Amino acid sequence: MVTNIMGKSFRGNVLVQAGLVQKFFGVGHKTAGEICSKLGFYPRMRMHQLDEPRILALTKELSTLKIETELRNEILQNIRIKHEIGSYQGMRHAQGLPVHGQRTRTNAKNAKKLNRLDRRI
Amino acid sequence: MYRLGLRGFHAGSVAAFKQKAKEQTVKMRTPKKGSGEYRNFRRAAAYSKFSKSASEVAVGTENLRIFAAPDLETPISEPSMVVFPDAVQASLVHMADFQPQQNNELFLQRASLLRDESSQIQNILKQASSSEQRALLTGPAGSGKSTLLAQAHAMAKLQNWIVLHIPRAEELIDGSTDAVASKSGAVFDQPMLSRRWAQRIAKANRDVLTSDDIKLLRSSSAKEDPVGSLTAFISQLENGDRPVLISADSLNAFVKTPFAANRSKENEPIYHADLQIPRILLDFLSAKRKFKHGAVLAATSGRIVSNDTIAIGLGHGSAPAYATPEEFDSELAAKLQGIREIAVSSFSPAETDVYLRYVAAAGLTEYSPELVAAKYAVSGNGNPRALLRSCVSFAL
């Protein structure tokens, strides 16, 4: 049985709290716990136990948060601003090098792989 | 299904798939690190109805007898293996008194050993009308605390008592069911658990409850107002003069985790005594609420590692000065004051002898006086669970 919440589909036997953490960018264990407590979902509640009103309440709650595309755009925007104002961090992002003063003689593998202005998040 | 699925494939890809399947080596699962015990087997064995193929022990012999209502009048002086009447056994099953870790699958009958501690329980039930009876069974893992609770239930059922039993107290606080703030805000209601407990009570006490009681409990198990109906039922029992035994197993779950996994709407942790069903249980255990004619029994669990709260509450030692709630729960310790402790010890050599005669009669080992001495030593001076496992796991 599949439950759909805000365009994401969840397996029925997934814990609500864990499912939210897994599928929504910007929702961690803390936020998921807070949402579940607020809506009265008990800790071991599973996705298939969510009925229509509960899904609506959950959707309403999630829509108030800055998550998914909105959060990704904000992060990219912040990188872009750093570049535009000519800051060192912006430059390092553009060069694909570590931003926080790490060494580059060795290591820096992740930075070389990931850091760029239109970074994939 | 398999064939239908293949029909759509291209013939070449099917051949490639077959070749790949042939070449693929079977990956062996790496064994889990640990004590070497294969837990899944134990669990599977408990639920696999192996007991149906176990050999029967003749009832009415020196190895096994039926324990019926008239036996309650005579004090238990010698250890003996007993089996309870079928109707009582059915109630015990509804109360989840037979647990998977007890290796019940080895025997056809659900027998238990009447021992010193059983006579203490018999006395508690006898004196229930004259004085307040609250007791806590303590002892190491596998010493027979849950079995003694089951015996208490059987004795109570033989005397037509109403038994309210919570088989696993940890389930009340582990977040597997809901907890909703009540209208007053002081307590968190547990509708799902109320419904389940009401069903359990109705099934286990079908013979002694009136039709009105059943109706009330059924309305509790329906989706109407489970909390209100259960509360009303327990208040009725409290104000009436019917004999009631309220009991709970694994009470030390409250000590291990004083706060429930559930949280309030504000995401604040909930103290276990603020939940509806633990509160009912602890109210009766601390004598805040009383039945006119009744007893309260609880048992700790050897499975759950807990701190010294229960020992201190029972009067062994004094409270530590600088302890966090996780280290010492003063509120719970205060509730346990005045409770009689029944320290469940291991089997004595005489009890081991009786028990091994029964085990031998069930075809699990061969009886000899030397075996009794050997098994007594192997099991750490008569720990019942270790004793049975030693009989099954390795022969001497």
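Letters go in sequence order (proteins before strands), and every chain restarts at 1. This structure is a prediction, so every number in the text was calculated from the model and none was measured. The figures here come from the full heavy-atom set of this structure, side chains too, leaving out hydrogens, waters and symmetry mates.
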In Å and rounded to the nearest 0.5 Å, what is the CZ to CG distance from A/Phe41 to B/Asn262?
-> 13.5 Å
Spatial distance of atom SG (A/Cys36) from atom CZ (B/Arg263) [nearest 0.5 Å] | 12.0 Å
In sequence, state the C-alpha distance, the side-chain angles, and the governing distance for B/Asp178 and A/Met45, and then conclude on side chain to side chain contact (heavy atoms under 4.5 Å, CB included).
-> CA-CA 9 Å; B/Asp178 55 354; A/Met45 197 173 197; over 6 Å; no
Does [X] [atom1] have over 12 foreign heavy atoms under 6.0 Å away?
| X | atom1 | value |
| --- | --- | --- |
| B/Asn307 | CG | yes |
| A/His83 | NE2 | no |
| A/Lys23 | NZ | yes |

What are the two closest non-hydrogen atoms of A/Gly33 and B/Asn267, and how far apart are they?
-> O-OD1, 3.8 Å
With side chains defined as the heavy atoms from C-beta onward, is the minimum distance between A/Arg44 and B/Asp174 less than 4.5 Å?
-> yes
Per-residue contact mode, B/Ser264 against chain A (heavy atom under 4.5 angstrom) =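 Answer is backbone: N, CA, C or O of B/Ser264 sit under 4.5 Å from chain A.
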